[in-house]
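First the proteins, then the strands, lettered A, B, ... as listed; each starts at 1.
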Amino acid sequence: MTLKLHNTLTRQTDEFTPLSDKKVTLYTCGPTVYDYPHVGNWVAFIYWDILVRTLLSAGYTVERVMNITDVGHLVSDADEGEDKLEKGARREGKTAWEIAEFYAEDFVAGMEKLGLLPPEHLVKATDFIPQQLDLVRLLKEKGYTYQTTDGIYFDTSKFTAYADFARLDLDAQKAGARVEANDQKRQPWDFALWKFTPAGEKRDMEWETPDDLLELPKLTDDEKQGADLNGVKSGDFDKRVVRESEQQEEITSETSQFFADAESQRQDPRLATYVPSTSQAARVTTGAGSSNEEVIMGFPGWHLECSAMAMSILGPTIDIHTGGIDHIPVHHTNEIAQSEAASGQQFAHYWIHNNHLKIDGTKVSKSLGNTYTLQDLDGKGFSPMDLKLFILQSQYTNEGNFTFENLTAAQHRHANWRNYAALRHQTHDLLTDDDRKNDDPDHKSLQAAASAVREALMNNLNTPEALRVVDEALGSLEAVPLSSIHQHGLMQLLEAIDELLGLQLLQTTPDIDDEAKKLLLERERARETKDWQKSDELRDELAAKHIHVRDTPHGVIWGYS
RNA sequence: GGCGCGUUGGCGGAGCAGUUACGCAGAGGUCUGCAAAACCUCGUAGAUGGGUGCAACUCCCAUACGUGCCUCCA
């Protein structure tokens, strides 16, 4: 059974073939940590967790990078407006660093509550500034950049495949474009790799812009002779820059860390074609020989972060890149442009995008006040797992619709599942497999259900189908005597559900304590003697302990209430 | 203006060219000391108009409507 995924590159559901037989490299665009994540944000992380679990179940090892965007994500994705972190800092009277730390911790806590597997690399953009500067340097050396008064930009006209991924019609877009705020950009869709801190402003998060990334004032036409670099005709490079970059290549072939880790890990021969740059960028100072004593501070562009982190950790080509559907036209288009321009290789083989969640039929929007967080849901009595089960009700490619009515439906289903899980405490010892062989039909059907769940996920992460399978398998335990439930088979199914869907059914359905068991027995005796009053009192006592009693034709069964 | 997605019963939501899953909710019934649960039955769902097929919810085309991204947002 091969895994199939809907690949945005091909717009088709493709069979998944990783670069390596055993290992899958995966990059997930992570959160921008300036506020609490809302249900719409969590959708993506829940689906990608299912993806990882499915890959693991298929026998792959997974190396996943998830970024924590803690700098550079502007209020507008198009390099305009304020930095979300700096804005959040002012809102709360803290520094951007404090904001980032607080919300990053909250995000990790949320992942734990939702039972999401931790990525192998959960990395902060601010910890990868040198790598990001290296990438800018590399792009500059290859002639893909230009400088404006507010930053270093990627010249999309130099990357001819720019419009391909999102199938953009740039000419048409140009015609209908909004007023362009930055008239120094050569194309409206050029994007900032590195932005300069505006003069007179002090950001919480800013770094020195290495001198060699800056362009000096333009030279005269005569002086520019011979300054072409890599076929770039622009006169934006001067002789000094060319000289410097030549020197750097000498140094850098020894010192670069940019792809070093990835090289040692993957030993992909194609990496040999990649000419690395220096990692010393952050240490470059405006010192001797520089005519410019002013230090220009700056910060990375949002798009740059993802490429730098993905490539420096996983290598220039990764298997899967995931993200929200909104990122196709801008963020991921830009990631592809800068990554592939730098490496000369395909960046990701599979681009997997989750569709958005609507809320009450309309979009999730801070201004509409419908950005429910885990904390909000908790306040209304819904657990993180209720939310997760709700989200799994629809496939990641589909637009979901969040309503409290639907969340309640998921909550009821979750409660039912937990009560089925509790049956394992109520089957008897004689059913622990010793006196029932593995070819027992009940056992087999439960095993079949476990593999049917796996198959459903292999089919483009069809979580609704997986839930249906679980419903049918667990439902088949209904209205049969406890004595005919195959405990081992039930355990295997529950383990499979927890492994594949991460619902933590086993750990959240403990056995009842001895006192409760005693009350149950007492109640049984009372019922045998038709002492209904005592029986009902005992039932109330159990209810106070959140234990619900059902008197079925096959005996008493308890559940959680 | 550009690029997308969708339209299945009260709600959510799959598969499938030929008995319309599954969950939640509703009505009636059986069972039960009572309650709950369970079980049974019911409401007989596929936007519209064409096309291809013996046969279409399922494939193709068009239309309508809804909705998302391109300015908060996964």
*asked:* Please give the distance between the P atoms of B/G4 and B/A62 as a whole number of Å.
replied: 14 Å
*Would you say A/D511's side chain and A/H425's backbone share a donor-acceptor pair under 3.5 angstrom?*
no
*Round to the nearest Å and state the distance from A/R468 atom CZ to B/C24 atom P.*
15 Å
*Considering only B/G12, B/A14, B/C11, which nucleotide approaches the side chain of A/E465 most closely?*
B/A14
*Which residue lies more 5' along RNA chain B, comparing A/R167 with A/F45 via nearest heavy atoms*: A/R167
*Are A/Y396 and A/N460 side-chain neighbours, meaning at least one heavy-atom pair lies under 4.5 Å?*
yes
*Determine the interatomic distance between P on B/C5 and the same-named atom on B/G43; round to the nearest Å.*
36 Å
*Distance-only, no hydrogens or angles: does the A/R424 side chain make a donor-acceptor pair with backbone N or O of A/L506 under 3.5 Å?*
yes
_First encountered from the 5' end of RNA chain B, between A/N355 and A/L467_ = A/N355
*A/I557 near the nucleic acid: base, sugar-phosphate alone, or nothing, with a heavy-atom cut-off under 4.0 Å?*
nothing
*Between A/N419 and A/H548, is any pair of side-chain heavy atoms under 4.5 Å apart?*
no
*Do A/Y162 and A/F154 make the cut of ring centroids closer than 6.0 angstrom?*
no
*asked:* Distance check, P atoms only: B/U19 and B/G12, in whole angstrom units.
replied: 27 Å
*Check whether any side-chain nitrogen or oxygen of A/N41 sits under 4.0 Å from OP1 or OP2 of B/A74, and answer yes or no.*
yes
*Contact class for A/F165 vs. all strands (heavy atom < 4.0 Å): base, sugar-phosphate, or nothing?*
nothing
*Can you tell me, in whole Å, how much space there is between the P of B/U52 and that of B/C16?*
25 Å
*Using whole Å, report how far CZ of A/F402 lies from P of B/A74.*
17 Å
*Which part of the nucleic acid, if any, lies within contact of A/H353, taking any heavy atom under 4.0 Å across all strands shown: a base, the sugar-phosphate backbone alone, or nothing?*
nothing
*With a 3.5 angstrom cut-off on both distances, give the Watson-Crick or G-U wobble partner of B/G53, or none if there isn't one.*
none
*Complementary nucleotide of B/C31, counting Watson-Crick and G-U pairs under 3.5 Å*: none
*When only distance counts, do a donor and an acceptor, one from the side chain of A/S394 and one from the base of B/G12, lie under 3.5 Å apart?*
no
_With rounding to the closest Å, how many angstrom separate the P atoms on B/G68 and B/C72?_
14 Å
*Sticking with atom C1', work out how far B/G46 lies from B/A74, rounded to a whole angstrom.*
30 Å
_Strand partner of B/G15, provided both Watson-Crick or wobble distances fall under 3.5 Å_ = none
*asked:* From C-beta outward on A/P464, which listed nucleotide comes closest to its side chain: B/A14, B/G12, B/U67?
replied: B/A14
*Nearest to the side chain of A/D536 - B/A14, B/A74, B/C34?*
B/C34
*Can you find a heavy atom in the side chain of A/N416 that is under 4.5 Å from one in the side chain of A/L474?*
no
*Among B/A36, B/G4, B/A74, which is the nearest nucleotide to the side chain of A/N354?*
B/A74
*So, does the side chain of A/D551 form a donor-acceptor pair with the base of B/C34 at under 3.5 Å?*
yes
*Looking at the side chain of A/E405, which of B/U67, B/G33, B/G10 is the nearest nucleotide?*
B/G10
*Between atom CG in A/N334 and atom C1' in B/C3, what is the gap in whole Å?*
15 Å
*Select one nucleotide: of B/G23, B/A14, B/C3, the one nearest the side-chain heavy atoms of A/A409.*
B/G23
*Taking the same atom, P, in B/C42 and in B/U63, what whole-Å distance lies between them?*
41 Å
*Measure the distance from NZ on A/K358 to P on B/C69 and round it to the nearest whole Å.*
11 Å
*Of the nucleotides B/G23, B/G33, B/A14, which has the atom closest to the A/R413 side chain?*
B/G23
*Option passing ring pair (Phe, Tyr, Trp, His ring centres under 6.0 Å) with A/H331 (candidates A/W302, A/F165, A/W351)*: A/W302
*Is a donor-acceptor pair below 3.5 Å formed from side chain A/R539 to base B/A35, judging by atom type as modelled?*
yes
*Give a yes/no answer on whether the side chain of A/N401 brings an N or O atom under 4.0 Å of OP1 or OP2 in B/G6.*
no
*Over how many whole Å does the gap from A/L542 atom CG to B/A35 atom C1' extend?*
14 Å
*Which of these nucleotides, B/C22, B/G10, B/C69, is closest to any side-chain atom of A/D471?*
B/C22
*What class does the angle between the rings of A/F402 and A/F390 fall in, given that below 30° is parallel, 30 to 60° is tilted and above 60° is perpendicular?*
perpendicular
*Specify the glycosidic conformation (syn or anti) of B/G68, with syn defined as within 90° of 0.*
anti
*Quick one: is A/N398 getting a side-chain N or O under 4.0 Å of the B/A14 phosphate, OP1 or OP2?*
yes
*Heavy-atom donor-acceptor pair, A/D319 side chain to A/L26 backbone, under 3.5 Å*: no
*In Watson-Crick or G-U wobble terms, both distances under 3.5 Å, what is the partner of B/C42?*
B/G26
_Base partner of B/C5, which must satisfy Watson-Crick or wobble distances under 3.5 Å_ = B/G66
*Between B/G18 and B/A27, how far is it from one C1' atom to the other, in whole Å?*
32 Å
*asked:* Looking only at the side chain of A/N462 (C-beta and beyond, no hydrogens), which of the listed nucleotides B/G15, B/G13, B/C34 gets closest?
replied: B/G15
*What's the CG-P distance between A/L387 and B/G12, to the nearest Å?*
17 Å
*At under 4.0 Å between heavy atoms, what does A/T408 touch on the DNA or RNA strands: base, sugar-phosphate, or nothing?*
nothing
*B/G23 pyrimidine/purine six-ring stacking with A/H412, under 5.5 Å and 30°*: no
*Which part of the nucleic acid, if any, lies within reach of A/Q411 when heavy atoms closer than 4.0 Å are counted: base, sugar-phosphate only, or nothing?*
nothing
*Testing A/D204, A/T32, A/V71 for side chain to side chain contact (heavy atoms under 4.5 Å, CB included) with A/L85, which one passes?*
A/T32
*Rounded distance in Å - CZ (A/F191) to C1' (B/C70)*: 16 Å
_Base, sugar-phosphate or nothing for A/V549? Non-hydrogen atoms, less than 4.0 Å._
base
*Mind calculating the distance between CG (A/L392) and C1' (B/G12) to the nearest angstrom?*
14 Å
_From C-beta outward on A/R523, which listed nucleotide comes closest to its side chain: B/G23, B/G33, B/G4?_
B/G33
